[in-house]
Amino acid sequence: MPTVISVKNLIKTYAVGEVEVRALRGVNLDVERGEFLAVTGPSGSGKSTFMHIVGCLDRPTSGQYFLDGQDVSRMSRDQLASIRNKKIGFVFQGFNLLSRTSALDNVELPLLYAGSGMKGPERHKRAMEVLKAVGLEDRADHHPNQLSGGQQQRVAIARSLINNPSILLADEPTGNLDTRTSIEVMDIFQRLNRERGITVLLITHEHDIAEYGTRMVQFRDGQVVMDRPIQRRRLAQDELVTLPAAQAV
Amino acid sequence: MSLLMIFRIALKAMGRNKMRTALTMLGMIIGVAAVITMVALGTGAQSSIEAQIQSAGTNVIIVSAGNFMAGGVRQGQGAASTLLPEDAAAIAPLPGVQYVAAGLNTRGQLVAGNQNWNTQVQGTDVDLPLIQAWQIERGAFFTPQDVTTAAKVAVIGSVVRDQLFGPDANPVGQVMRIQKQPFNIVGVLAAKGQTSMGQDRDDVVMVPYTTVMKKIRGVTFINNVTVSAASSNEVKVVADRIATLLRVRHRLQPGDPDDFMVRTIEEMASVRKEATQTMTALLASIAGVSLLVGGIGIMNIMLVSVTERTREIGLRMAIGARGRDVLLQFLVEAVVLSLFGGAIGIALGFGLSRGITFWMEWPTTVSTNAVAVAFGFAAATGVFFGFYPARKAAALDPIDALRYE
């Protein structure tokens, strides 16, 4: 399997007033295509900073980051914007959908910044395809306030998929969702990972959510302190079969 | 990303908050409408003055007698007795001169039957109707022979006709007394209406100037000579020729002041034109202030909007918007706001101008210049006041923006 993410001796320091905060103190990590990586760690461990750099939202103080073999650690802001648009799909805890905008328009949004000059009908078609992939094709014209939390997160996942990204970055995607909906969302991630081979990086502080991945990485004090494959992986698909009763209540 | 796309994004963003969009536009609408209406009022006043100059004849030159000094007491303009009928006769053959009419005025009590009226009695020559474009409604103007013989004939304006004979009467052939002397009425002038100064041009009686000289006032001089130049380009040259001629005829030494005055209609009107121009500028600048306030309103809303939509900006950046895209989006939003506001303001300004003309009967002219300037200013306001908020949005750090609560 080719390596999608390769991080070498990543260091990130912030100056907060007079104090220098060392958020990352030499992180080395390789992620192969098709992996489902769960990133855990307490708050302040550096996992968020790590995700921001992997997500090309921030640049490391030193060290290298190769995404699809391309060194992105020294790119300009505009170049990073283009990388984010084409190679990375983001899913956030708070969904971050545009209000008073239909699900379809929300999903299409990254296409507008792609600079491909894609025409309206083609954009709609692409957006409908990914909405179908998350099972929301019949909600395309609904606005976020007409959708449940789980549905909103599925719209956000559809949006992250529209440019066929190399990696999907999910930052606490189940943080605002109840148990059943969380499992439904994890089911979508697992299916995308399994069926399309999309590499997923999942940030979570919930240990049981981390177990949906194939590999777990734990951060502490700006370093990776644990990196192991998950032995008994949870499968959302199977769990959902046992849960329908809960929904009926 | 194409500009068209940015336009669509901006329009969508505006559509998401219609109330706020409408209120922001209102400032622009009022500002632009005010500018258009005020300028329309000013331009209207100016063009009505110009129209009057046109109707009075652009090529008219008026020579009037200068002031008269009697033992150190100056008597005021027109009192001098140095302007003579012979001067008028000498002006006529000058090159470029088309018509010449000597004039001597008096006021007098008019009596016809049991009615009487006091008005301006204008002693003039047969060329005056040609110079001032008077139409004859009934009868005819007096003839050159009437002038030579100082005949007691009169042509009356419609107001005089109404006062002495009634609107439907035909006074031609009837007798009217001026200063107790009987005059035959030979014609009635077609109505011309008021001047912009409120003077009624139809309240007039015209008689041969020789008659005023010999039969009414008993003088040998005249008050003025009304001259028309053959072409409006030559007015200034002809006026200078007349002045030179009169200095020679009056035997004035170099250094002596003129004992007459030569003015063109255009000169006389230019003072009033300047006054209206000042008024227009004043009105427009007051209206301009409201346009400025409208622009500040847009900046205010855009700043609030940037803060309120920080997370949206963060998200847009996360999914690939460059700083430039965000900057353009907010800039275009501001410009679209002001352009839409400007367009509606222009329509409203048109309506208001029409309304003012309709209800208040003030002349207004909406000039394309004013529309173009107002629209351009609206766009410039949008760019100017939209830039700071837009740059603020573009400079946001995506991580901070996404975390913003």
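Chain identifiers are assigned alphabetically (A, B, ...) following the order of the sequence lines, protein sequences preceding nucleic acid strands; residue numbering begins at 1 within each chain. A quick note: this is a predicted structure, and the numbers were derived from the prediction, not measured.
The two residues Val91(A) and Ser160(A) make their nearest non-hydrogen contact at CG2-OG, 3.8 Å. Looking at every heavy atom in both residues, Tyr65(A) comes nearest to Ile167(A) through OH-CD1, 4.3 Å.
Judged by distance alone, the side chains of Arg16(B) and Ser99(A) never bring a donor and an acceptor atom under 3.5 Å apart.
Interface summary for chain B: among Lys86(A), Gln93(A), Arg159(A), the most heavy-atom pairs under 4.5 angstrom belong to Arg159(A). Here Ala318(B) is the residue among Ala318(B), Gly323(B), Pro398(B) with the most heavy-atom pairs under 4.5 Å with chain A. Most heavy-atom pairs under 4.5 Å with chain B, from the set Leu97(A), Leu80(A), Thr101(A): that is Thr101(A). Comparing Gly314(B), Ala13(B), Ala321(B) by heavy-atom pairs within less than 4.5 Å of chain A, the highest count is held by Ala321(B). When each of Ile88(A), Leu57(A), Ile83(A) is checked for heavy-atom pairs under 4.5 Å with chain B, Leu57(A) comes out on top.
Only the side chain of Asp105(A) has a heavy atom closer than 4.5 Å to any heavy atom of chain B. For Arg309(B), no part sits under 4.5 Å from any heavy atom of chain A, backbone or side chain.
Electrostatic pairing of Arg316(B) and Glu312(B) counts as a salt bridge here, judged by a charged N lying under 4.0 Å from a carboxylate O.
Between Asn176(A) and Gln152(A), the closest side-chain pair of non-hydrogen atoms is not below 4.5 Å.
With ring centers used as reference points, Phe385(B) lies 6.0 Å or more from Phe387(B).
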